[in-house]
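Since the structure comes first, as structure tokens, the remarks are kept for the end.
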Amino acid sequence: MRHWILLACAALAAAGVGHLVAIGLVPRVIMGVAMERVAEQAGGWNKLFHAPLVTASSQQIVRSSPDLAYSTCALDLTDGPVRFAFNRDAAGSYASVAIYGANTDAVFVRNDREMGADGLRLLIVGPRSPVAARPGEITVSVPSSKALVLVRRLAPDPDAFGRADAVRRDDSCMQVK
Amino acid sequence: MQDTLTPAPDPAPDPAASAATPPRRHQRRGPVWPWLLAVGFGLVAGAASAVAVSGGAIAAGGAGRLDAGRWSTDLTVGAAAAGPWVRARVARVGLLALPRSETVYFDRTADEAGQPLDPACTYAVSGGPLQTRWWSVTVYGADQMLVRNDDKAHSIDVTRAGGGPWQATLGPTRPAGGGLWLSTAGATAPILMVRLYNPKPSDDAALARLALPRVERVACATETAPAAPGGTP
């Protein structure tokens with residue numbers, strides 16, 4: 001009897017460990033896959049990708065909005081910081097720039113009303129990157145070597161999507177050499 | 001039975017035999033496989049429970065949960081304050097969500113009567129002005145993706161609904177009279193999500209008082225198309 005009780009206790013303890021480990025891994029694994037997919041779409045890390053209009057057939061990420069024009073840049077900060085430039089829409093439509101760490105936390109969020117008329121200039125640095133911001137740049141420190149920039153621009157109809165698409169062509173995401 | 005933990009009766013000491021057999025301590029040690037099996041089963045069950053609790057709706061029973069009528073959200077989504085369970089859930093059902101400082105996401109899977117949304121049913125969705133910079137209502141399938149159909153009716157937003165009271169239809173077929181439509185064609189268990197960008201005010205009490213859209217069942221396919229008497233089965 002004591003043997004079976006000990007076995008049951010071992011199984012319960014293992015279940016607790018398995019649960020906690022899996023809960024901790026789920027965000028990092030899913031985020032890792034998402035970043036890899038974004039990098040693949042963009043043709044590499046630290047490259048900007050402008051997603052097409054989100055439809056049932058083009059969606060890549062869970063709960064994407066069909067009313068937003070998304071741009072992404074999967075960041076690899078291992079070899080140094082990345083400069084990111086976002087340009088505002090003259091019409092004042094909603095837009096935001098968010099940066100997510102490898103654990104899915106949003107480490108930086110700024111919408112169009114919280115930035116200057118010419119948009120946003122960021123220097124994104126990793127845990128061990130040297131900081132060398134230019135005048136006018138905001139330094140964003142990310143606690144992981146991999147991260148993701150996600151830009152949202154309001155585009156609830158094809159015309160709005162076309163306008164957002166024209167503006168976002170001037171955005172940039174480049175590793176600092 | 002040397003491979004059990006049950007001690008055997010002590011035999012009479014036999015110097016010759018004791019020299020030929022391993023120490024008794026080793027005889028009492030049971031086989032390893034039941035322990036490996038128990039630990040392995042526990043690890044798999046624990047991992048499976050993690051997968052189970054991280055699916056479903058964004059809001060579960062955590063400290064960040066907030067309800068507004070039949071809608072619910074977790075206000076720690078996207079924030080560093082989010083616990084590991086919220087992070088895991090968001091990774092699976094709302095990856096790359098914005099924190100509440102920017103956007104609040106509510107979702108629901110039931111109508112006003114508390115019945116699960118049924119893709120075979122038609123619902124009247126009604127709402128009014130919301131104090132946000134922009135809002136939208138989007139329908140997803142049980143897999144958290146836009147419902148896979150070509151109806152181009154996955155979402156309605158303030159630019160289409162206007163700033164005043166509005167009404168829309170949630171259901172599998174386009175409403176005959178036109179109007180706003182959220183298509184559930186091809187869905188299994190629809191999920192509705194409201195996005196509120198820059199809600200004002202955004203404190204917990206104000207969010208709980210929000211008059212978010214109502215979802216009332218109108219009819220279901222089995223109710224609207226009863227079999228005709230004497231018809232084909």
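From a predicted model like this one, the values you see are computed outputs, not experimental measurements.
- Looking at B:Val44, neither its backbone nor its side chain comes within 4.5 Å of chain A, counting heavy atoms on both sides.
- The main-chain N or O of B:Leu146 is found under 3.5 Å from a side-chain atom of A:Gln59 such that the two form a donor-acceptor pair.
- By the 6.0 Å contact criterion, CD on A:Gln60 is enclosed, its count of non-hydrogen atoms from other residues, nucleotides or ligands being greater than 12.
- B:Arg133 has its side chain within reach of A:Asn111: a pair of non-hydrogen atoms, C-beta onward, lies under 4.5 Å apart.
- Within 6.0 Å of atom CD in A:Glu114, more than 12 heavy atoms from other residues, nucleotides or ligands are found, so the atom counts as buried in its surroundings.
- Counting all heavy atoms, side chain and backbone alike, A:Pro66 lies closest to B:Ser155 at CG-CB, 3.6 Å.
- Heavy-atom distances place no part of A:Asp157 under 4.5 Å from chain B, backbone and side chain included.
- The parts of A:Ile61 that come within reach of chain B are both its backbone and its side chain, each placing non-hydrogen atoms under 4.5 angstrom from that chain.
- Residue B:Asp150 does not touch chain A at all, counting heavy-atom pairs closer than 4.5 Å.
- In this structure, B:Glu102 and A:Arg152 have side chains that are not in contact, with every pair of non-hydrogen atoms separated by 4.5 Å or more.
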Next on the checklist: Working note: A:Tyr100 + B:Leu95, criterion side chain to side chain contact (heavy atoms under 4.5 Å, CB included); need CA distance, chi angles, decisive distance, verdict.
Outcome noted: CA-CA 10 Å; A:Tyr100 299 87; B:Leu95 187 65; over 6 Å; no
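- Scanning both residues, A:Ala106 and B:Pro99, for their nearest heavy atoms gives CB-CD, 3.8 Å.
- Counting heavy-atom pairs closer than 4.5 Å to chain A, the top-ranked of the candidates B:Arg195, B:Arg148, B:Lys152, B:Arg160 is B:Arg195.
- Going from atom OG1 of B:Thr138 over to atom CG of A:Asp67 covers 5.5 Å, rounded to the nearest 0.5 Å.
- For A:Thr72, no part lies under 4.5 angstrom from a heavy atom of chain B.
- Contact annotation for A:Leu68: only side-chain heavy atoms (C-beta onward) come within less than 4.5 Å of a heavy atom of chain B.
- Going from atom OH of B:Tyr105 over to atom OG of A:Ser65 covers 9.0 Å, rounded to the nearest 0.5 Å.
- Options A:Asp112, A:Val29, A:Leu20 differ in how many heavy-atom pairs under 4.5 Å they form with chain B, and the most are formed by A:Asp112.
- Of the residues considered (A:Gly101, A:Ala8, A:Pro156, A:Gly16), A:Pro156 shows the highest number of contacts with chain B, using heavy-atom pairs under 4.5 Å.
- Only the side chain of A:Leu154 comes within contact range of chain B, judged by heavy atoms closer than 4.5 Å.
- No more than 12 heavy atoms of other residues, nucleotides or ligands shown are found within 6.0 angstrom of CZ on B:Phe41.
- Closest heavy-atom contact between A:Leu7 and B:Pro34: CD2-O, 3.5 Å.
- A distance of 6.5 Å separates NE2 in A:His3 from CH2 in B:Trp35, rounded to the nearest 0.5 Å.
- The candidate from A:Leu148, A:Val21, A:Asn103 with the greatest count of non-hydrogen atom pairs under 4.5 Å with chain B is A:Asn103.
- Rounded to the nearest 0.5 Å, atoms CZ (A:Arg63) and CG (B:Leu96) are 13.5 Å apart.
- Nearest heavy atom pair, residue B:Asn149 against residue A:Ala56, reads O-CB, 3.6 Å.
- With values rounded to the nearest 0.5 angstrom, B:Tyr197 atom OH is found 6.0 Å from A:Ser96 atom OG.
- Here CZ of A:Arg110 is found 10.5 Å from OG of B:Ser101. Values are rounded to the nearest 0.5 Å.
- A distance-only check finds no donor-acceptor pair linking the side chain of B:Tyr140 to the backbone of A:Val62 [under 3.5 Å].
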